[in-house]
Amino acid sequence: MKKIQLLGATGSIGKQALEIIEEFREQFSLQAVSARNSVKTVLEILSRHEVEMVSMAKKHEETIKRAYPEVAFYALEEDGLETIANTENDTVLLNALVGSVGLPPTLRAIERGKDVLLANKETLVVGGPLIREALETSNSSLIPIDSEHAALRECLRGSDIDDVERLVITASGGSFRNLAKKDLENVTQEDALKHPNWSMGAKITIDSATMMNKVFEIIEAHYLFDMPYEKIEAVLHKESVLHGLVQFNDGNVLAHLGPSDMRIPILSAMQGSKRMPFPTLFDLATLGTLHFEPIDTERYSLFDLGLAVAKQGGLHVVTLNAANEVAVQLFLEEKISFLEIESLIKKALNHYTNDNHLTLEKILEHDRNVRAYVRNFV
Ligand SMILES: NC(=O)c1ccc[n+]([C@@H]2O[C@H](COP(=O)([O-])OP(=O)(O)OC[C@H]3O[C@@H](n4cnc5c(N)ncnc54)[C@H](OP(=O)(O)O)[C@@H]3O)[C@@H](O)[C@H]2O)c1
């Protein structure tokens, strides 16, 4: 029985991970959950599972303790996520948080020797070098849940990473892929949240529309597979059927195809080496034609900018991520327009200098400063 600590249990990935846990009750149990404010959903989860630990915003402590006095409550404001990640290592941490808040618990779990199943890509975006360093002295495995990286992991099974010539991931193009850049001026939040292929949380849906999500996924692939940026590519693929592809140096090319269903990569990460039955409908003849094309970097201008920052590394990537998180939130709150997301990110990048010597404290402090700086513009 694998005991799962599910951070971000009330989100899109969190809920689908719960479906998998409930589908395979003999194999998985839920040991801990976290959320920020979705207290009703957390109470529902507690009614279905014998959870030992909960972390949420402090203001929900009384509600949780009144309904479930036997559950240990840890406030987010008092490093609750890290406390969960730091507990005994017969548990596995599934990180489905959104944003850079996911970095400290991931790092703590790896230092504790726990396996981490990672949906929270921002962990690697802001703290990739720290995570790689921690993995070198730990027994833990870091297993991706992001569909493209889960696909690459499947293609790489049994192969030597040194034999890889190129990693390719695909991008759907997001909710505005049929609009020209000039038509993005007045797009609404409601339209932006209508992703053509996937049903996901709000932040990643907006990141898909700006193509920032693909920048983050290239950074994620760089650290997960220890692959230079020059060997990682992204292509537009509007059907989201082919998720990742590996080209080997002997000419062989392996691609991973599958339905747009995040429960598949979630189960793949959770199941270990023995596959668990999870029937899905997948029929090439019904799919018909698949399309691939290069990313138009004038149309998706954040893509080149983001990649250039990624290649510089250091605190500049933290600036990119923090400015993006705040700008996306401001757009969702209808305080800025869609195109202003990019201009706010550029302002932050121009304002701060880079520093390639990273520590967790430095990252967290810089993250806070950039957030305050960007919020100040509105
Ligand atoms: N959704 C997908 O299909 C998908 C696919 C690939 C990768 N990912 C990645 O997976 C991660 C999660 O995405 P998602 O779409 O599931 O996000 P989501 O639906 O927005 O869920 C986020 C979860 O994190 C919690 N949370 C948000 N802000 C927090 C904070 N400051 N402190 C503590 N907890 C916080 C939320 O709690 P509340 O409910 O209380 O706000 C919720 O449980 C992201 O990194 C995303 O890029 C997602």
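If you read the sequence from its start, that first residue is 1, and numbering goes on from there. Whatever order the structure lists ligands and atoms in, that order sets their numbers, starting from 1.
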Counting from 1, what ligand 1 atoms have a heavy atom of M200 closer than 4.0 Å? 1 (N), 2 (C), 3 (O)
Distance filter under 4.0 Å to E122 heavy atoms, resulting ligand 1 atoms: 44 (C), 45 (O)
What residue and atom, counting heavy atoms only, is the protein's closest point to atom 17 (O) of ligand 1, and at what distance? V98 CB, 4.0 Å
Is the shortest heavy-atom distance from the side chain of N324 to the side chain of L320 under 4.5 Å? no
Against heavy atoms of M262, which atoms of ligand 1 measure under 4.0 Å? 3 (O), 5 (C), 6 (C)
Within 4.0 Å of some non-hydrogen atom of K121, the atoms of ligand 1 are 7 (C), 45 (O), 47 (O)
Note, D296 side chain near F303 side chain (heavy atom, < 4.5 Å): no
With respect to atom 44 (C) of ligand 1, which of I13, L97, I204, L76 exhibits the smallest heavy-atom separation? L97
Quick one: nearest non-hydrogen protein atom to atom 15 (O) of ligand 1, plus distance? G201 N, 2.9 Å
Regarding S240 and S260, do their side chains bring together a donor and an acceptor under 3.5 Å, going by distance alone? no
Is the backbone N or O of H357 less than 3.5 Å from a side-chain atom of K362, with the two atoms forming a donor-acceptor pair by type? yes
Please check if any side-chain donor atom of E333 sits under 3.5 Å from a side-chain acceptor atom of Q329, or the reverse. yes
Strictly under 4.0 Å, does any heavy atom of S147 approach an atom of ligand 1? no
Yes or no on side chain to side chain donor-acceptor pair (under 3.5 Å) for T87 and E52, after CA distance, side-chain angles and deciding distance? CA-CA 11 Å; T87 49; E52 292 168 31; over 6 Å; no
For atom 40 (O) of ligand 1, find the nearest protein heavy atom and state the residue, atom name and distance (0.1 Å precision). N37 N, 2.6 Å
Considering only the protein, which heavy-atom contact is closest to atom 36 (C) of ligand 1, and what is its distance? T10 OG1, 4.0 Å
Atom 19 (O) of ligand 1 - nearest protein heavy atom and its distance: S12 N, 2.9 Å
Going by heavy atoms in the side chains, are M212 and V328 under 4.5 Å from each other? no
the protein heavy atom lying closest to atom 26 (N) of ligand 1 turns out to be R36 CB, 4.2 Å
Run the contact test for K203 against ligand 1 with a 4.0 Å cut-off on heavy atoms, strictly below, and give the result. no
How are the rings of F292 and H237 set to each other: parallel, tilted or perpendicular (split at 30° and 60°)? parallel
Is ligand 1 under 4.0 Å from a heavy atom in the side chain of M56, in the backbone, in both, or in neither? neither
Of all the non-hydrogen atoms in the protein, which one sits nearest to atom 38 (P) of ligand 1, and at what distance? S38 OG, 3.3 Å
Provide, to 0.1 Å, the distance between atom 9 (C) of ligand 1 and the closest protein heavy atom, together with that atom's residue and name. A119 O, 3.1 Å
Mark up the atoms of ligand 1 that fall under 4.0 Å of a heavy atom belonging to A9, in ascending order. 43 (O)
Any sub-3.5 Å donor-acceptor pair from N197's side-chain atoms to K238's backbone N or O? yes
